[in-house]
Amino acid sequence: MEFAILGPLEVRTRTGNRIRLGGARQERLLAALLLNPGGAVPVPRLVDAVWEDRPPATADRQVRNLAGLLRRAFRKADPTGPPVLLTDGRGYRIPLDDHGLDSRLFADTVARSRRTAAAGQQSAAAAGLRQALSLWRGPVLDGLDGQLIDAGAVPLDELRLTAWEDCLDLDAALGRHRASIPELTGLVADHPLRERFVGQLMRALHASGRTADALTVHRRFTGRLAEELGLDPSPELRRLHLALLTAGVDPQPDPGPAGAGPAAGPPTAGPRTAAPPTSVPRTAVPPTAGRPGGPADERAGTAGAAAASRGGTDPDPGAEADAAESGPGPRPGVPVPVPVPAQLPPSLATFTGRDAELAALDAFAEAAATVGDRDPAPGPGPGSASAARICAVSGSAGIGKSALVVQWAHRVRGRFPGGQLYADLHGFSAEPPLAPHAVLARFLRALGVPGEQVPSVPEEAAALYRSMLADRRVLVVLDNARSAEQVRPLLPAAPACLTVVTSRAGLAGLTARDGARPLALDLMPAPDAVALLDRVIGARRARSEPAAVAELASVCGRLPLALAIAASRLAERPGRTVADHVAELRDSGNRLTALAIDDDAASAVRATLDLSYRTLPAAARTLFRLLALAPGSGLTAAAAAALCGERVAVVRPVLDQLATAHLLTHEGGDHYRLHDLLRLYAAERAAAETGRAVSTAARERLGDWYLHHADAAARLLTPHRRRIPLDPPGPWYEPPAFTTAAGAQRWCESEHGRLLGMVRAAAEHGPDALAWRLPVVLWSYWFTSPHLDDREEAARLAVAAAVRAGDRSGEAQARNDLATALGALGRHDEMLCELRLARALFASIGDQVGEGHTIGNLGDHCLGTGAYGQARLHFEGALTVFRAQPEERRDDWAVRVCETNIGVTAMLSGRAREADEYLRRALDRHRSTGDPVLESITLYHLGDHLRRLDRPAEAAVRLRQALAVLDGATRNPRLRADVLAALARLGEAGGPPDARGAAGG
């Protein structure tokens, strides 16, 4: 399907046939989905989109009906096409990988055009932006209104206007001033307070010889701005106004950059690659060796400069002819010109993306130029001018540091007429790191110093190097540095010079002592990774397998080196599908081997990681290997300490060493991340260097750490619920930092993926005791969690592990928990089956409390199926079992759950007085025992009970109380959504009965 929202809503098939939708409600529903492209939109949000402030009581059901009608309409229009409307969790989404959306095409085309402009292709970029703007047929979703639709249209409208502004800036840079005036006049009329359009119109008018009209535009704008907003124009517009006043009504155009032709008036805003004015034009005479250390003009290598140095006022008019007659060789007494050094290696033809990093480097260069012009005698330290003249670009192996810096350096080299010096310092290389003196000798020879005159003393060579650069504007690129000590002697002191250093190390010393600005590179964003693959394998091939290309980017970990290798291997094999290559790489045991180039072993991903790994201290190498045992890509310092069996204070400095080496990413606080390819590499090193016994012990320590932290969280979330016994942890264990129910909930949510990963790992590798105990302990978190599918998976893994271990008590606990997970998913038949098995197991081992839990959950099952009379019998039967237990074995939490649920059953059965009595008594007990979880649930049911009694004001009070508890003391996303929905519908009569009671036990 092809969807269009940049104008009236339209839907067309792949063949171009338009699909008629069945009314405004279907259109609003579809519009809400398309304004959230590719993502799931929950049903309550869709209700708001369709009905705004007054949805009917049956709104949820009607949304599902509307979704069904849309599905049928799409299927009828294109029976063989891919699915259009998918159910996703508690909402719906449209998978846009299989369908088209004009707003997405617009945003992609704008982004691509901006990258084209950044590469210096101004005409192509302007054409691309106009192509993107041509997709607009009118206002977003013209004809549909509403708060959600209006809010969703705002970012698209803003992107449209900025794209127009960028396009007009490019037109100005291309000299299309006169042609843009009608368009700009209309835009200023439509958007009279948008200052960038005003400035563009003023420049276009001035460049067309209409300076008086440009000044009129400024006068009208400033008057309107003051009258309507009480504001003054920006400094940029004031500077433009002053420039026009200075130019007069018939200005002489200023000369533009060399080779670009004259610029018509004040400079227009152009791409960031435009070189700023410098004190030395690009056509400057190349310097010669002359007298090392003297000013550049004293070393000028032309006859004219020589004559000037002898005191003449004009160059010798015959010098040029004499030079021509003397032939190509040097003549005695005439200095030989030395070429301006231009040592940058070639930029990559396939370089893609990194827009944010390129912009950061541009900002660094602009700041350096400003500071350099202002402070010709800088001193060291972050507060001085030197702080803006050194940039340290760091990142892991293969992240693309060198490619980024070289690409940027080529873009800005016109700003450095004194030349560009480059050296690969071999800091992380198969060759030994270069000594600073060796690099200084290379640089001095490039600057014109004869080899025999290069000082042999490193300090003297560094002093001569700084003297040679004192009056030049030179860019110095120091690639692949090992340490700050290797770099420091190579830093110029001249205010006009810039130095960019790349390293796998953080080079914190350059930041602390030399005022360098750090720029850390992370993995490529997914769209840039896909664009890189497209560029290498060819757009046509990529378009034929878009899903496989996106998966290939993911399998390569969005690491530029891995992406380039995978793409080059595909490019060499035009008959092979992308999907086949992905399947090969999916074999994790083979992935690093496959990410290599046959005739260039040094470029393999594994080889580049080896170079970083070998530089680590022994303790850091050991920890790096153990990190592969942790589930997921991230972990905390405390979890890493558990892997090592050490205290956190001992392990944290080692983690920081790995982060400094960019073999681990520090994400703030105590959180660290190991990206996919580094994880595979760590696993390889662990298999080769770490014994099985050591790995098993580390994995078990980490499992114990998660188990005891989860148990501590459960004791805060459901403090009076029965616990399963746990063995004490080892002496290395440190208690968790959280001390409240809210803190425990936050910890569980932040560790959700890793907790599930630990259950999966224990189910696969053992021990089985952990694989069933961890999900059972986590029940206190699961039952309020929105991750219902994960809850079911963990419970099923727990059942299987307990069965393998032959632990009947564990199997009974796990089956009971699986039943509650199935009930939350509305699968009541499966829930009943598991409850019967769990009850029989509890009975066979004489666990009466466990059997009471299954009886109470049978009541919850009956509530869900509408059998309210049966539900009450089960709740009362469970209460009888619990109350018959000795005090030390009684489960007070389960007693209060059953009492609450009896109140819910009475409410749903129409026994209002009994419901009121039970619910209020349960609420008092929950509050007296400090149980915010059950307090919030009971307040919600009390609100529903009062709504049924047609007492809306009192109902609203209870619902707001529930919301306050949920926002303050506990978290229950599903219940919070229900409370908000109940508050929204409080004014509606009737409504579907809510058959969900408090959580089972």
Side-chain angles (χ1 to χ4, degrees), residues 557 586-593 605-606 609-610 612-614 616-648 650-655 657-659 661 663-665 671-710 726-734 751 753-775 797 800-801 804-805:
R586 278 289 181 200
D587 177 6
S588 61
N590 192 42
R591 193 181 309 179
L592 291 177
T593 300
V605 172
R606 183 186 284 115
L609 296 177
D610 279 339
S612 293
Y613 176 73
R614 287 203 301 264
L616 294 173
R621 290 199 301 271
T622 299
L623 177 56
F624 178 71
R625 296 193 299 269
L626 292 179
L627 292 178
L629 304 176
S633 61
L635 81 170
T636 61
L643 277 170
C644 299
E646 296 281 0
R647 310 292 280 185
V648 175
V650 174
V651 173
R652 185 178 284 112
V654 187
L655 287 168
Q657 285 179 340
L658 291 173
L663 288 172
L664 188 66
T665 301
H671 291 270
Y672 297 83
R673 175 172 56 87
L674 192 70
H675 75 66
D676 289 350
L677 295 181
L678 279 172
R679 182 179 175 81
L680 288 176
Y681 178 74
E684 278 192 0
R685 303 292 359 119
E689 301 177 42
T690 304
R692 179 174 303 213
V694 173
S695 295
T696 300
R699 189 180 284 114
E700 289 181 355
R701 282 194 301 270
L702 184 63
D704 282 347
W705 184 85
Y706 273 112
L707 182 62
H708 282 277
H709 266 57
L726 302 178
D727 295 330
W732 46 267
Y733 181 77
E734 297 178 71
E751 295 288 333
R754 289 181 281 274
L755 287 165
L756 182 61
M758 183 56 64
V759 174
R760 290 168 175 162
E764 181 178 356
H765 303 291
D768 286 329
L770 175 65
W772 76 258
R773 282 191 172 94
L774 186 54
L797 291 174
R804 283 195 304 271

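Reckoned from all heavy atoms, side chains included, excluding hydrogens, waters and symmetry mates.
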What side-chain donor-acceptor pairs closer than 3.5 Å can you find for residues 619-630, not counting sequence neighbours?
{"from": "Arg621", "atom 1": "NH1", "to": "Leu616", "atom 2": "O", "distance (Å)": "2.5"}
{"from": "Thr622", "atom 1": "OG1", "to": "Ala618", "atom 2": "O", "distance (Å)": "3.1"}
{"from": "Thr622", "atom 1": "OG1", "to": "Arg625", "atom 2": "NH2", "distance (Å)": "3.4"}
{"from": "Arg625", "atom 1": "NE", "to": "Thr690", "atom 2": "OG1", "distance (Å)": "2.9"}
{"from": "Arg625", "atom 1": "NH1", "to": "Tyr613", "atom 2": "OH", "distance (Å)": "2.8"}
{"from": "Arg625", "atom 1": "NH1", "to": "Glu689", "atom 2": "OE1", "distance (Å)": "3.1"}

CG-CZ distance between Leu680 and Arg685, expressed to the nearest 0.5 angstrom: 13.0 Å
For the pair Met758 and Leu770, evaluate side-chain contact (heavy atoms from CB on, under 4.5 Å) and give the outcome as yes or no after the intermediate values. CA-CA 9 Å; Met758 183 56 64; Leu770 175 65; 4.2 Å; yes
Where do Thr636 and Trp705 land on the side-chain contact (heavy atoms from CB on, under 4.5 Å) test, with the steps shown first? CA-CA 12 Å; Thr636 61; Trp705 184 85; 3.8 Å; yes
Using side-chain contact (heavy atoms from CB on, under 4.5 Å), reason through Leu635 and Leu702 one step at a time and then give a plain yes or no. CA-CA 11 Å; Leu635 81 170; Leu702 184 63; 5.7 Å; no
Determine, stepwise, if the pair His709 / Glu751 fulfils side-chain contact (heavy atoms from CB on, under 4.5 Å). CA-CA 11 Å; His709 266 57; Glu751 295 288 333; over 6 Å; no
Over all heavy atoms of both residues, which pair between Glu700 and Pro767 is shortest? Give the atoms and the distance, please. CG-CD, 4.3 Å
Identified side chain to side chain contact (heavy atoms under 4.5 Å, CB included) partner of Leu674 from the options Leu664, Leu658, Leu663: Leu664
Those residues that, when tested against His708, pass ring pair (Phe, Tyr, Trp, His ring centres under 6.0 Å) (two or more places apart): Tyr733
Minimum heavy-atom distance Ala642-Arg701, with the two atoms named: O-NE, 3.0 Å
Donor-acceptor contact present, side-chain Gln657 to main-chain Pro617, <3.5 Å: no
Checking Arg673 side chain against Gly634 main chain: does a donor-acceptor pair fall under 3.5 Å? no
Which heavy atom of Pro775 sits nearest a heavy atom of Ala771, and at what distance? CD-O, 3.1 Å
